[in-house]
> 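The structure is given below, and queries will be raised subsequently.
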Protein chains: 2
Amino acid sequence: MATIYEVAELAGVSPATVSRVFNGTRVSPENAERVRQAAAKLSFTPNRTARTLRRQHSEVIALVIPDIENPYFTEMARGVEDVAQEAGFSVVLCNTDSQPAKEATYFQIALSESMAGMIVAPASSRSDLASVIGRGRPVVTVDRTTDFDVDAVVMSNRPAGRAATDALYQAGYRRIACITGPEDIDTAYERAQGWKDVVTRHEMFADPAEYLRYSTFGVDGGVKVVTDLLALPEPPDAIVAANNLLGVGALQVLTERELTPLRVGVAVIGGLPFTTLPPSAVTVVRLPARNMGVTAARILIERIKGDTQPARTIVLRNQLVPGRHRVAP
Amino acid sequence: MATIYEVAELAGVSPATVSRVFNGTRVSPENAERVRQAAAKLSFTPNRTARTLRRQHSEVIALVIPDIENPYFTEMARGVEDVAQEAGFSVVLCNTDSQPAKEATYFQIALSESMAGMIVAPASSRSDLASVIGRGRPVVTVDRTTDFDVDAVVMSNRPAGRAATDALYQAGYRRIACITGPEDIDTAYERAQGWKDVVTRHEMFADPAEYLRYSTFGVDGGVKVVTDLLALPEPPDAIVAANNLLGVGALQVLTERELTPLRVGVAVIGGLPFTTLPPSAVTVVRLPARNMGVTAARILIERIKGDTQPARTIVLRNQLVPGRHRVAP
DNA sequence: ATGAAAGCGCTAACAT
DNA sequence: ATGTTAGCGCTTTCAT
């Protein structure tokens with residue numbers, strides 16, 4: 001790979017001038033042109049490693065997510081990417097598998113690669129952002145919040161849980177269960193609270209807890225807990241799934257037993273990825289995944305550029321898309 | 001961030017010794033211990049940027065894929081990740097959107113960040129790997145091949161097309177159409193050829209081309225061309241979809257018109273992501289996505305470590321999972 | 001086994 | 001506007 005020294009020599013200028021040309025500082029038009037020619041001839045590309053070492057920060061943003069196979073997060077990634085690209089940053093995706101240890105490793109790597117900043121969907125409420133923040137790198141959390149004083153982009157989870165549950169109640173269901181993710185993930189908890197608000201208001205159950213299941217935010221989790229719920233002495237007549245993958249799991253079980261769309265109503269918080277179901281079969285609360293990515297990236301880039309206002313939490317809105325449920329007679 | 005100089009001072013040794021401790025070269029046990037203590041006290045982490053600049057290669061592998069939202073590629077990514085992590089590399093995911101320009105940009109970035117190597121699912125047959133190869137960086141292509149002399153991990157596409165089509169024929173379908181991806185992507189072309197082999201053998205159509213549709217490898221593409229096919233004077237009674245997303249698109253249209261599973265048979269090359277369909281409704285040719293990632297990563301890492309044997313192409317096997325189709329009377 | 005020192009390629013003072 | 005130069009933090013000869 002050619003260096004600025006070789007380009008400088010070929011163009012008959014100093015290395016500093018070459019550097020200036022590639023960094024937008026003032027250079028006489030003639031020199032700039034000669035440098036560009038020389039660079040082209042040598043097919044010179046600035047060495048980003050050297051630049052990063054010198055500048056103490058790179059032009060890459062780390063996006064740390066718990067599950068790269070979850071379309072919710074990849075959609076978010078697209079949003080981040082589009083904004084970042086626009087601003088001249090590249091995005092690297094880091095998959096933590098919801099494991100705090102893997103997550104911590106990626107934090108270390110991001111730091112020691114001097115990445116410009118980080119967008120994190122924390123693996124758990126105890127994710128340790130301290131080291132990153134301590135080093136002064138900008139961090140924005142998405143989807144979930146933490147106890148750290150950083151910008152966060154989230155959505156209205158409890159209202160989402162309420163909306164989903166309400167829609168099923170309006171459709172005539174009267175024993176609405178809820179399946180959600182790990183209790184220590186705030187989205188899982190809050191959405192379930194939203195469900196609880198509604199079932200409590202309608203005095204649906206003597207003990208709502210009986211019809212609430214914590215699980216993993218995955219298809220397998222959904223399959224397991226729905227199977228559980230159906231084995232209850234008085235099984236639910238509808239189910240609120242607190243994320244897309246739980247929804248898929250639930251629908252798999254119900255479809256197999258031919259309980260949906262008719263006999264058991266389903267509402268999902270999150271879009272159903274690659275669904276082949278008729279849209280009317282299921283109530284969906286659309287989450288602004290892409291927009292969360294976009295918003296987080298914008299904030300992060302502002303921070304990278306030096307914005308120092310106090311940390312904000314931005315709450316995005318969801319959109320209810322009711323199914324046309326028909327309660328079995 | 002602490003540097004080796006500070007660690008060296010605290011441990012009472014030279015920076016070189018500190019470096020040696022962190023690189024596994026011989027250091028006296030006592031010194032090694034003192035360095036480790038000092039490093040821990042300062043919570044020192046080696047600066048990867050500096051290391052990369054000096055060594056001329058980093059410890060990260062770029063995985064360049066056309067569509068990060070396609071579960072086929074994310075599954076592959078998991079395979080790559082697992083192997084890479086094991087070997088001490090981190091993986092960064094680069095999404096090209098099937099755009100050669102974006103792809104070229106990521107190649108440049110990978111080079112100028114001195115990444116250790118690259119695994120690429122080429123956006124098109126004309127992807128320009130020349131610059132990367134020219135710089136001596138190891139490259140492995142996955143899923144698709146190119147004209148460049150590099151290692152490739154692919155699967156048996158034409159046989160997959162044949163198997164899918166055969167399964168539908170065995171089930172009794174007699175007007176089997178095929179929807180596939182862009183003609184210049186070899187997987188799209190080869191799978192269609194496999195379909196052609198079978199329909200030609202059975203003299204199914206006067207002109208098979210009429211029942212073959214090239215499109216994009218996306219859900220929208222599937223919706224569009226299946227809608228097309230159904231408008232034919234003599235519409236097909238079954239459809240082979242050449243990838244997972246086309247399959248989803250096809251199933252969306254057919255479900256909406258209540259043509260599947262009974263009236264129109266469907267076979268998909270690639271797993272159906274997050275499906276809620278009963279497994280018996282569709283014939284599926286399972287692709288070894290994860291295994292391709294694993295294999296590619298292993299080869300790449302060997303290359304990074306200095307393996308110089310001639311480039312190989314490894315062809316992985318697929319697995320037919322026939323549906324229980326029932327042809328409408 | 002250890003240390004001294006050069007240098008990876010770049011940027012940013014500073015000097016002109 | 002341009003050149004000179006120090007140095008970002010590390011690894012790696014080359015001495016000892």
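Note that this is a predicted model, so its numbers are computed, not measured. A, B, ... follow the sequence lines: proteins, then strands. Residue 1 opens every chain.
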> Pick one: which of B:Thr74, B:Asp143, B:Leu93 meets side-chain contact (heavy atoms from CB on, under 4.5 Å) with B:Ile65?
B:Leu93
> On a heavy-atom basis, which atom in B:Met76 and which in B:Val142 lie closest, and how many Å separate them?
CE-CG2, 3.4 Å
> Rounding to a whole Å, what distance do you find between B:Ile4:CD1 and C:dT2:P?
15 Å
> Please examine the side chains of A:Asn243 and A:Tyr72, heavy atoms only from C-beta on, and report whether any two atoms are closer than 4.5 Å.
no
> Closest to the A:Arg26 side chain: D:dA1, C:dC10, C:dG3?
D:dA1
> Of all the choices, C:dG9, C:dA1, C:dG3, which nucleotide is nearest to the side chain of A:Leu53 once you look at every atom?
C:dG9
> How long is the line joining CD of A:Glu30 and P of D:dA1, in whole Å?
11 Å
> Which atoms of nucleotides 5-7 of chain D (N or O only) lie under 3.5 Å from a protein N or O atom, and what are those distances?
unit_1	atom_1	unit_2	atom_2	d
D:dG7	N2	A:Arg54	NH1	3.3

> Is a salt bridge present between A:Asp307 and A:Arg298, judged by a nitrogen-to-oxygen distance below 4.0 Å?
no
> Just wondering, are more than 12 heavy atoms of other shown residues or ligands nearer than 6.0 Å to OH in A:Tyr189?
no
> Between P on C:dA4 and CD on B:Glu9, what's the gap in Å once rounded to a whole number?
12 Å
> Take A:Arg126 and A:Asp147 through the salt bridge (Lys or Arg N to Asp or Glu O under 4.0 Å) test and state the conclusion after the steps.
CA-CA 8 Å; A:Arg126 300 175 316 286; A:Asp147 293 337; over 6 Å; no
> Taking OP1 and OP2 of C:dA12, is either one under 4.0 Å from a side-chain nitrogen or oxygen of A:Ser19?
no
> With respect to the phosphate group of D:dG3, does any side-chain polar atom (N or O) of A:Thr17 fall under 4.0 Å of OP1 or OP2?
yes
> Scan A:Thr3 against the nucleic acid and name what it touches under 4.0 Å (heavy atoms): base, sugar-phosphate only, or nothing.
sugar-phosphate
> If you draw a 6.0 Å radius around CD in B:Gln99, do more than 12 non-hydrogen atoms from other residues or ligands fall strictly inside?
yes
> Taking the side chain of B:Ser14 as heavy atoms from C-beta outward, which of C:dT11, C:dG3, D:dT12 is closest to it?
C:dG3
> Going by the side-chain contact (heavy atoms from CB on, under 4.5 Å) test, name the single residue among B:Val132, B:Val64, B:Asp151 that passes it with B:Val139.
B:Val132
> Counting side-chain heavy atoms from C-beta on, which of C:dT11, C:dG3, C:dA13 comes nearest to A:Asn23?
C:dT11
> Are the charged groups of A:Arg144 and A:Asp186 less than 4.0 angstrom apart, N to O?
no
> For A:Thr52 and C:dC10, is the shortest distance between a side-chain N/O and OP1 or OP2 below 4.0 Å?
no
> Distance check needed: C:dG9 P versus B:Glu113 CD, whole Å only.
15 Å
> Quick check for you: among D:dT2, D:dT11, C:dT11, whose closest atom lies nearest to any side-chain atom of A:Arg51?
C:dT11
> Would you kindly give the CZ-to-P distance between A:Arg20 and C:dG9, to the nearest whole Å?
20 Å
> Rounded off to whole Å, could you give me the CZ-to-P distance for the A:Phe22 and C:dA12 pair?
15 Å
> Has A:Glu9 got more than 12 heavy atoms of other residues, nucleotides or ligands less than 6.0 Å from its CD?
no
> At under 4.0 Å, does any side-chain N or O of A:Gln56 touch on OP1 or OP2 of D:dG9?
yes
> Counting only non-hydrogen atoms, which of residues 31-48 of chain A are less than 4.0 Å from DNA chain D?
A:Asn31
